[in-house]
Amino acid sequence: MKSLKNLTLAQVYPLVSGDTNLNCCGDPDCGNFGIEPAPTKHSFKGRGAQEKRLRAAMSDVSIARGVGRYKITAEGDDDLHRETSAFEFSGDPRAWEDGRMLTCQHLRGNAECGVSGRLLSNSAYKEEQNRLWTQNGALEGPRCGNCGTGYLEAPHEFVFNGANGTPSRSVGRKKGSKTRARSVRVIHKPCKGAPGARFTVSSEHRRQQKRDDNLRILAMIVNGNSLHDMRRMLRTPRGETELGMSRLYDRIFWLERTLLAYERAQLTEWRAKVERKRIKDGKPYTHTRIAHDDISINVNWETRTDRRLTQLNCSISADIRSGYVFRCDVDFDPTIDPLEVVEEHYFGSTQSVNLRKKYRNSDGPFTAPLIHFQRPTARFDEPALFASAIGKLHRFIYRTDKAFDAADLPLSSDAKEARSDAERRAHEIEFLRDKWFNFVKQERDGRGSFQGIMTRDTYTKAASLACVRDMIPPGKMTLGGEQEGTMGRVVPHIFREDILDDRFEWAIVSFNKEASSDWIDQRKDEFHESFDAWRKAYPELDY
């Protein structure tokens with residue numbers, strides 16, 4: 001089988017989105033740390049290339065040392081090997097690698113740096129960071145319709161402008177009771193007079209009337225009570241009615257949003273208080289010590305007949321001194337409908353743009369499938385994304401047939417048309433998955449997930465650490481965690497400015513998981529003895 005033509009670094013290098021670039025050298029001791037590739041600076045081709053390179057190095061020291069010099073190579077991972085045999089490659093299949101490694105070539109002494117890492121999508125990282133910062137949209141809040149500024153981002157820029165939907169006192173009201181508005185009008189002061197600057201916000205909390213009930217729900221959630229226990233607890237005094245499950249979920253989600261917003265406000269106030277104290281005392285904030293670790297959890301899938309589990313990874317960051325958990329983020333996006341995402345990005349007018357890209361080399365123009373970090377679905381676990389989209393259509397067909405069989409009726413014309421359309425869409429998605437992307441099939445491909453889809457753990461971890469960075473006061477920080485490859489890939493880039501300002505320490509702990517309990521107890525005793533001796537030797541340090 002033929003292979004696709006080689007792609008250069010300049011052709012595939014991901015765009016930089018925001019202040020963080022995940023695609024450069026991650027070694028703080030290297031001259032390329034935080035420096036993007038500059039391929040035009042180091043590419044000398046054709047006749048006399050060796051002489052041109054030598055002259056450029058003699059005239060510019062940075063070129064001689066290799067500032068901005070990188071190379072890319074195929075990753076060579078079997079899971080990333082693709083064989084495309086669709087569309088323009090039908091009858092002439094091509095092999096290609098769905099990933100690239102970026103290797104630093106800056107000189108360190110007489111040898112090249114050699115630090116390498118997989119190319120990632122900066123835009124996918126920014127999307128994941130926004131998802132985690134807004135808690136899957138729960139903390140996004142209302143926004144100005146003109147400029148897009150969120151109320152929670154700058155509440156001082158908004159003013160209230162009266163109430164909407166005040167019900168009549170004469171309808172369904174007790175005598176002497178006060179009516180409550182269903183919503184309020186808000187104006188964004190900087191955009192006053194512009195279309196969308198004046199908008200209405202519904203008062204969601206107006207139905208959460210009993211504060212005591214909300215406190216009891218919260219206590220039962222903390223203590224691990226079941227949903228049915230909560231429903232029984234919230235019955236009327238006569239026991240006549242019971243809260244519906246949907247209503248109970250509404251109250252739980254309302255509590256979640258309220259408490260998350262309260263936490264965000266308290267952390268913002270804490271940051272401001274620490275900053276004021278720093279300015280007053282003229283001393284930097286001593287420092288925050290953060291422990292980071294991963295926890296894997298297994299969750300059920302949607303169907304009752306399929307009781308197999310799927311694994312999700314949680315990135316957890318906590319304060320070492322107090323034990324306060326800053327973040328607990330899961331590599332799963334519940335706001336995504338896999339079918340909608342696949343059809344939006346890979347069908348219709350967007351198909352040609354999001355499937356392939358045109359390039360040019362010395363032999364002329366050619367096309368190649370987009371690599372994973374170039375695709376709009378780079379943030380997700382793409383094999384599972386396509387499998388879930390196909391599974392959703394198959395479940396629709398199954399449920400349609402089952403419903404008509406249960407009623408002992410033949411399929412109606414509308415049902416036949418909807419069923420035929422679902423079969424066609426499922427076939428098109430399956431064709432794209434198998435013939436174009438050639439995703440490695442897994443056992444879970446026959447299952448559909450609960451609402452949402454898994455994200456790539458690397459983006460979730462990078463976004464989680466970035467959120468922790470933004471939640472704590474600026475100052476010196478120590479991050480402690482287990483030795484793992486994903487941390488090494490993202491930590492130097494997320495905390496780049498802190499590293500350059502000498503305000504960041506990273507303590508890596510490795511574990512001997514085959515150690516016996518007696519050996520562990522012995523080492524613990526030795527550690528406590530040496531630690532106590534160290535504390536007595538340095539009493540001025542606050543540990």
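Quick caveat, the model's predicted, so the values are computed rather than measured.
How far CG of L465 is from OG1 of T20: 11.0 Å, rounded to the nearest 0.5 Å. Separation of atoms CD (E343) and CG (L432) is listed at 11.0 Å; rounding is to 0.5 Å. Here E344 contributes atom CD and N354 contributes atom CG; the two are 9.0 Å apart, rounded to the nearest 0.5 Å. To the nearest 0.5 Å, atoms CG (D294) and OG1 (T460) are separated by 10.5 Å. Atom-to-atom distance recorded for L479:CG and I320:CD1 is 8.5 Å, nearest 0.5 angstrom. In this structure, CG on L267 lies 10.5 Å from CD1 on I472, to the nearest 0.5 angstrom.
Residues T200 and R185 form a side-chain contact, since some pair of their non-hydrogen atoms from C-beta on lies under 4.5 Å apart. Looking at V468 and H292, their side chains never come closer than 4.5 Å, going by heavy atoms from C-beta outward. Looking at D319 and T288, their side chains come closer than 4.5 Å, going by heavy atoms from C-beta outward. A heavy-atom distance below 4.5 Å is found between the side chains of M471 and R327. C144 has its side chain out of reach of R198: every pair of non-hydrogen atoms, C-beta onward, lies at least 4.5 Å apart. You'll find the side chain of F199 stays beyond 4.5 Å of the side chain of I187, heavy atoms only. Between W254 and I252 the shortest side-chain heavy-atom distance does not fall below 4.5 Å. Contact check for L120 versus P14: no side-chain heavy atoms found under the 4.5 Å cut-off.
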Q: Decide side chain to side chain contact (heavy atoms under 4.5 Å, CB included) for D457 and T486; before the verdict, give the C-alpha distance in whole Å, the side-chain angles of both, and the deciding distance to 0.1 Å.
A: CA-CA 8 Å; D457 182 49; T486 307; 4.3 Å; yes
Q: Check the pair R433 / I390 against side chain to side chain contact (heavy atoms under 4.5 Å, CB included), numbers first and verdict last.
A: CA-CA 10 Å; R433 179 191 66 176; I390 297 169; 3.8 Å; yes
**Q.** Steps toward side chain to side chain contact (heavy atoms under 4.5 Å, CB included) verdict (L411, D401)
**A.** CA-CA 8 Å; L411 287 173; D401 294 342; 4.1 Å; yes
Q) Step by step, would you call E505 with T478 a side chain to side chain donor-acceptor pair (under 3.5 Å)? A) CA-CA 5 Å; E505 296 174 342; T478 298; 2.8 Å; yes
Q: For side chain to side chain contact (heavy atoms under 4.5 Å, CB included), just list the numbers for R375 and D98, CA-CA rounded to whole Å, side-chain angles, deciding distance to a tenth of an Å, and then say yes or no.
A: CA-CA 11 Å; R375 297 194 289 265; D98 193 13; 2.9 Å; yes
Q: Give the C-alpha distance, both sets of side-chain angles, the deciding distance and a yes or no for salt bridge (charged side-chain N to carboxylate O under 4.0 Å, His left out) between R503 and E497.
A: CA-CA 9 Å; R503 293 186 288 117; E497 297 300 325; over 6 Å; no
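Between the side chain of K277 and the main chain of A272, no donor-acceptor pair closer than 3.5 Å is present. No donor-acceptor pair under 3.5 Å is formed between the side chain of R131 and the backbone N or O of N136. The backbone N or O of E482 sits nowhere less than 3.5 Å from a side-chain atom of D293 that would complete a donor-acceptor pair. Side-chain atoms of S530 come within 3.5 Å of backbone atoms of F527 as a donor-acceptor pair (strictly under, hydrogens ignored). Checking side-chain atoms of R456 against main-chain N and O of A378 turns up a donor-acceptor pair under 3.5 Å. The main-chain N or O of D229 is found under 3.5 Å from a side-chain atom of S226 such that the two form a donor-acceptor pair.
When every heavy atom of M454 is checked against every heavy atom of A384, the shortest pair comes out as CE-CB, 3.6 Å. When every heavy atom of R118 is checked against every heavy atom of R489, the shortest pair comes out as O-NH2, 2.6 Å. Residues N146 and P195 share a closest heavy-atom pair of CB-O, 3.3 Å. Taking every heavy atom of both residues into account, A197 and C191 meet most closely at CB-O, 3.0 Å. F380 and I453 make their closest contact through CD2-CG2, 3.4 Å (heavy atoms, listed as atom of the first residue, atom of the second, distance). Summarising the geometry of V274 relative to P473, their closest heavy-atom pair is CG1-CB, 3.7 Å, with the distance given to 0.1 Å.
For OH of Y324, the number of neighbouring non-hydrogen atoms (other residues, nucleotides, ligands) closer than 6.0 Å is greater than 12. More than 12 heavy-atom neighbours from other residues, nucleotides or ligands sit within 6.0 angstrom of CD1 on I221. The number of heavy-atom neighbours closer than 6.0 Å to CD of E526, taken from other residues, nucleotides and ligands shown, is above 12. Counting heavy atoms of neighbouring residues, nucleotides and ligands inside a 6.0 Å radius, atom CG of D19 does not exceed 12 of them.
Side chain to side chain, D333 and T335 meet the donor-acceptor criterion of an N or O pair below 3.5 Å. Judged by distance alone, the side chains of H493 and R496 do bring a donor and an acceptor atom under 3.5 Å apart. Looking at H372 and E382, their side chains never bring a donor and an acceptor atom within 3.5 Å of each other. In the model, N313 has a side-chain atom that pairs as donor or acceptor with a side-chain atom of S296 under 3.5 Å. Under 3.5 Å, the side chains of S464 and D329 contain a donor-acceptor pair of N or O atoms.
Ring centroid separation for the pair Y346 and F386 comes in under the 6.0 Å cut-off. For Y398 and F396, the gap between ring centers reaches or exceeds 6.0 Å. A centroid separation of less than 6.0 Å is found between the aromatic rings of F158 and Y151.
Contacts of F253 classified as ring pair (Phe, Tyr, Trp, His ring centres under 6.0 Å), with partners at least two apart in sequence or in another chain: Y249.
For the pair R379 and E128, the salt-bridge criterion is met [side-chain N within less than 4.0 Å of a carboxylate O]. A salt bridge does not link D498 with R469: none of the charged nitrogens is closer than 4.0 Å to a carboxylate oxygen. Between E428 and R425, no side-chain nitrogen of the basic residue sits less than 4.0 Å from a carboxylate oxygen of the acidic one, so the salt-bridge criterion is not met. Remark: K461 engages E484 in a salt bridge, criterion side-chain N to carboxylate O under 4.0 Å.
Residue pairs that meet the salt bridge (Lys or Arg N to Asp or Glu O under 4.0 Å) test with at least one member in residues 263-276, sequence neighbours left out, are E275-R278.
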